[in-house]
Structures are given as structure tokens and as C-alpha cells.
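Worth knowing before you read on, the calculation uses all heavy atoms, side chains too, and leaves out hydrogens, waters and symmetry mates.
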Amino acid sequence: MANIKCIGILTSGGDAPGMNAAIRAVTRSAIYNGIEVKGVMRGYKGLVFDEIIPFKTNSVSNIIQQGGTILKTARCKEFETTEGRQTAYETLQRENIDALVVIGGDGSLTGARIFAQEYNFPIVGLPGTIDNDLQGTDLTIGYDTALNTIMQAVDKIRDTASSHERLFFIEVMGRECGILALNGAIASGAEAAIIPERSMQQDQLADLISNGFRKSKNSSLVLVTEGDITGGAMMMAERVKKEFPQYDVRVTILGHVQRGGSPTANDRILASRMGASAIDALLDGQRNVMIGIQNDVIVYVPFSKAIKKNKPIQPDLVETLKVLSI
Ligand code: ADP
């Protein structure tokens with residue numbers, strides 16, 4: 001059993017609903033196991049600029065239902081330099097912190113991996129991102145809540161789209177990963193999803209247009225993943241307006257509404273299980289792994305694997321959406 005007396009916990013990068021539930025689970029489970037907990041504010045900034053506060057059981061009371069993160073989050077350029085990481089290490093030593101739990105996305109876990117290697121420092125990561133783009137885990141904390149937010153928003157857009165007989169392009173988050181757009185489209189009964197995974201192989205908009213959108217309907221909803229790979233919803237709308245002026249086109253960019261809100265039951269449970277498992281992993285001598293979940297079983301995923309790009313999309317999701325939108 002590893003000799004860990006005190007852990008630091010931080011949230012970094014893009015925030016995601018359920019991060020608070022994860023903070024609570026890590027804190028309570030550490031204290032349950034006799035480990036002291038310190039909260040590091042503003043991600044890696046808190047390490048570089050020494051913003052660290054002691055955490056007790058009641059520091060995490062009444063937060064399981066809150067979106068965002070009580071530890072705040074930030075992007076920290078200094079941590080990307082060797083000098084910045086040296087300062088961070090000195091802070092950890094001064095604060096007598098023996099191990100870290102880092103909750104964040106691929107950038108945050110990339111930083112964790114580099115730091116852990118440089119200083120031989122034990123770190124366990126939790127996948128905290130709405131994008132569900134980390135490898136080795138079926139789900140990330142925040143994804144389910146964001147997906148539900150998207151579904152509810154699209155339901156509302158559907159009412160106005162069908163009243164006015166319009167074509168809507170609805171832009172959702174996800175960066176290089178189309179899973180929010182794809183599952184958002186399936187869950188809301190939308191026509192199609194334009195996703196980065198398919199942008200290289202085919203002109204998804206041209207395919208949609210050549211099918212005449214949904215022939216039996218007079219309104220259409222198309223979800224588009226944000227970013228340069230797809231071009232985003234605005235570009236799609238511009239193309240349609242130019243080439244097919246007969247369509248009455250509108251764009252909705254859902255934006256940061258997708259990041260907020262009270263986490264769903266599934267996200268709270270996932271965050272609680274993963275948070276408790278982070279402490280189990282540290283006590284078990286694990287280090288430099290992300291906690292993942294595969295087929296409802298908690299697994300340890302090496303950072304190097306977790307942060308690999310291009311998480312595959314299940315082909316049956318693409319097929320299901322296509323079949324159901326005839
Ligand atoms: P996310 O974790 O949501 O993907 P970012 O990509 O913005 O968010 O990364 C969050 C933070 O992680 C960065 O601001 C930086 O402090 C740290 N980080 C990201 N990449 C690296 C890297 N290559 N080296 C060191 N730190 C990094």
C-alpha cells in the first residue's frame with residue numbers, strides 16, 4: 001500500500017457538470033481512508049501561484065447538485081513550461097502533498113502526464129469533459145448532462161422549426177469528437193449530424209442536400225459539431241443559402257449553455273464512483289492513470305492511452321440516425 005498522507009485535488013481546462021460531485025467523492029473517500037485533502041484553486045494555476053486550501057468533509061457539502069466547479073478552473077500557460085512545472089513541484093513539496101487527483105479533459109491529462117514523468121509524482125486523473133473524447137472510457141463526467149441539455153434545446157427548436165417550416169443548423173460542442181452531435185441528433189429525432197469523424201471521407205452537407213433533406217417533412221433539424229473540421233453551423237447555412245435559396249435556413253449555436261446546469265443522476269453517479277476509485281487507485285499504488293468506465297466496470301487507463309486522439313464513433317450510431325430519418 002502506497003504511503004500517501006495528503007492529496008491535492010484540482011479541476012482544470014473546460015468545466016463540466018459533475019465536477020463538483022467528483023470533488024466531493026474524492027474528498028470524502030480520502031478522508032474516510034485517513035488521508036488529508038487540500039483543494040488546489042484554478043487548475044494548475046493554483047500549483048504555480050500557491051493557491052491551496054485545506055478541505056474537510058463539510059468543504060464539499062451541498063455541492064453534488066451544482067454545475068461548474070467550486071475549485072474554479074483555468075487554463076495555465078505557465079504549466080506548459082519547465083520553469084512553471086518546477087514552481088508547481090516546489091509548491092507541492094511545501095504543502096506536503098504526496099499525490100494529486102486531476103479532473104479535466106485531454107489537455108489537463110496531458111499536463112498531468114508530463115508532470116508525473118518529470119517529477120516521478122503520483123497522479124490519478126478523472127475524465128471531466130462534456131465532449132466524451134477520452135479513450136479507454138465509455139463515458140466522461142459531464143457528457144450525459146450536456147447531451148440532455150442539447151436534447152431539451154433541440155426539442156424547443158423543433159417547435160419553431162416546424163411552425164415556420166424551416167431548416168435549422170444547430171451547432172453543438174465536441175471539438176474533434178462528434179458524439180454529442182450524433183447522440184444529440186438521435187435523442188432529439190433530428191435529421192442528421194454533421195460530425196468531424198466523417199468530414200474527411202465525405203461532404204456530409206452535399207449528401208443531405210442530394211437526399212432532399214427529409215422528403216416527408218417540411219422542416220429539418222441538423223446538428224453540427226463546432227470547429228474547423230466541419231466548418232460549423234454558420235458555414236453550412238451559408239452554403240445552403242447560396243446553393244438552395246428555396247430553403248428557409250436558420251442557425252442556432254447552443255454555446256456555453258451546454259456546459260452548465262445541475263448534473264444528471266447518471267453524471268453524479270459516474271463522478272461519485274470515479275472519485276472514490278481515484279482514492280482506491282492511489283492506495284493501490286497506481287499512478288499516472290485515468291479512471292475510466294467500460295461496460296459499467298471501473299478501469300485504470302494509462303494517461304498515454306487516454307489522451308490519444310480520434311476516439312472512434314460506433315458505426316451503428318451513424319447507421320441508426322440515417323435509418324430513422326428517412
Ligand atoms: P482540457 O483539459 O479541457 O482539454 P486544455 O486543453 O485547455 O483543457 O488544458 C488545460 C490545461 O492543461 C492547460 O491550460 C495547461 O495548463 C495544461 N496543459 C495542456 N497541455 C499541456 C502540455 N502539453 N504540457 C503541460 N501542460 C499542459
Would you sort out whether Arg273 and Asp296 count as a salt bridge (charged side-chain N to carboxylate O under 4.0 Å, His left out), showing the intermediate values? CA-CA 10 Å; Arg273 288 177 76 185; Asp296 206 32; 2.8 Å; yes
Short N-O contact, Lys5 and Glu36, less than 4.0 angstrom: no
Verify the ring-centre separation between Tyr44 and Phe115: is it less than 6.0 angstrom? no
Answer yes or no: is there an ion pair linking Glu243 with Arg239, defined by an N-O contact shorter than 4.0 Å? yes
Thr73 backbone acceptor or donor facing Thr11 side chain under 3.5 Å: no
Would you indicate whether Asp228, at its atom CG, is surrounded by more than 12 heavy atoms from other residues, nucleotides or ligands within a distance under 6.0 Å? no
Do Leu10 and Val37 share a hydrophobic cluster, counting only Ile, Leu, Val, Met, Phe, Trp and Tyr and linking them when any side-chain heavy atoms are less than 4.5 Å apart? no
Asp50 and Arg94: side chain to side chain contact (heavy atoms under 4.5 Å, CB included), yes or no, with the steps? CA-CA 10 Å; Asp50 199 353; Arg94 213 169 33 249; 3.1 Å; yes
When you measure from the side chain of Asn58 to the backbone N and O of Ser61, does any donor-acceptor pair fall under 3.5 Å? no
Please report the C-alpha distance between Thr82 and Glu118 in whole Å, then the side-chain angles of each, then the deciding distance to 0.1 Å, and finally whether the side chain to side chain contact (heavy atoms under 4.5 Å, CB included) criterion is met. CA-CA 9 Å; Thr82 44; Glu118 269 174 358; 4.0 Å; yes
Using a strict 4.0 Å threshold on nitrogen-to-oxygen distance, state whether Asp133 and Lys311 make a salt bridge. no
salt_bridge(Lys322, Asp316) N-O dist < 4.0 Å: no
Mutual orientation of the aromatic rings belonging to Tyr89 and Phe121 [parallel < 30°, tilted 30-60°, perpendicular > 60°]: perpendicular
So, do Ile130 and Gln258 sit near enough that their side-chain heavy atoms are less than 4.5 Å apart? yes
Are Glu95 and Lys38 within salt-bridge range, i.e. N to O under 4.0 Å? yes
Got a second to check how far Ile141's CD1 is from Asp267's CG, nearest 0.5 Å? 7.5 Å
Flag if over 12 foreign heavy atoms under 6.0 Å of CG, Asp207: yes
With Tyr143, the side-chain hydrogen bond (donor to acceptor under 3.5 Å, both in side chains) member among Thr264, Asp138, Asn183, Thr137: Asn183
Assigning hydrophobic clusters by single linkage (Ile, Leu, Val, Met, Phe, Trp, Tyr; side-chain heavy-atom cutoff under 4.5 Å), is Ile195 placed with Met151? no
Here the gap from Leu92 atom CG to Cys6 atom SG, rounded to the nearest 0.5 Å, amounts to 9.5 Å
Between the main-chain N or O of Leu167 and the side-chain N or O of Arg250, is there a donor-acceptor pair closer than 3.5 Å? no
Please answer whether the main-chain N or O of Asp280 pairs with a side-chain N or O of Ser277 as donor and acceptor at a distance below 3.5 Å. no
Please lay out, stage by stage, how Thr230 and Arg198 fare under the test side chain to side chain donor-acceptor pair (under 3.5 Å). CA-CA 9 Å; Thr230 63; Arg198 300 247 143 180; over 6 Å; no
Indicate whether any N or O donor in one side chain lies under 3.5 Å from an N or O acceptor in the other, for Gln65 and Asn62. yes
Passes side chain to side chain contact (heavy atoms under 4.5 Å, CB included), Tyr247 versus Lys241? Steps please. CA-CA 7 Å; Tyr247 286 109; Lys241 273 185 208 161; over 6 Å; no
Should the pair Arg259-Asp15 be classified as a salt bridge under the 4.0 Å nitrogen-to-oxygen rule? yes
Does this structure show an ion pair linking Glu51 with Lys45, if we count only N-O contacts that are shorter than 4.0 Å? no
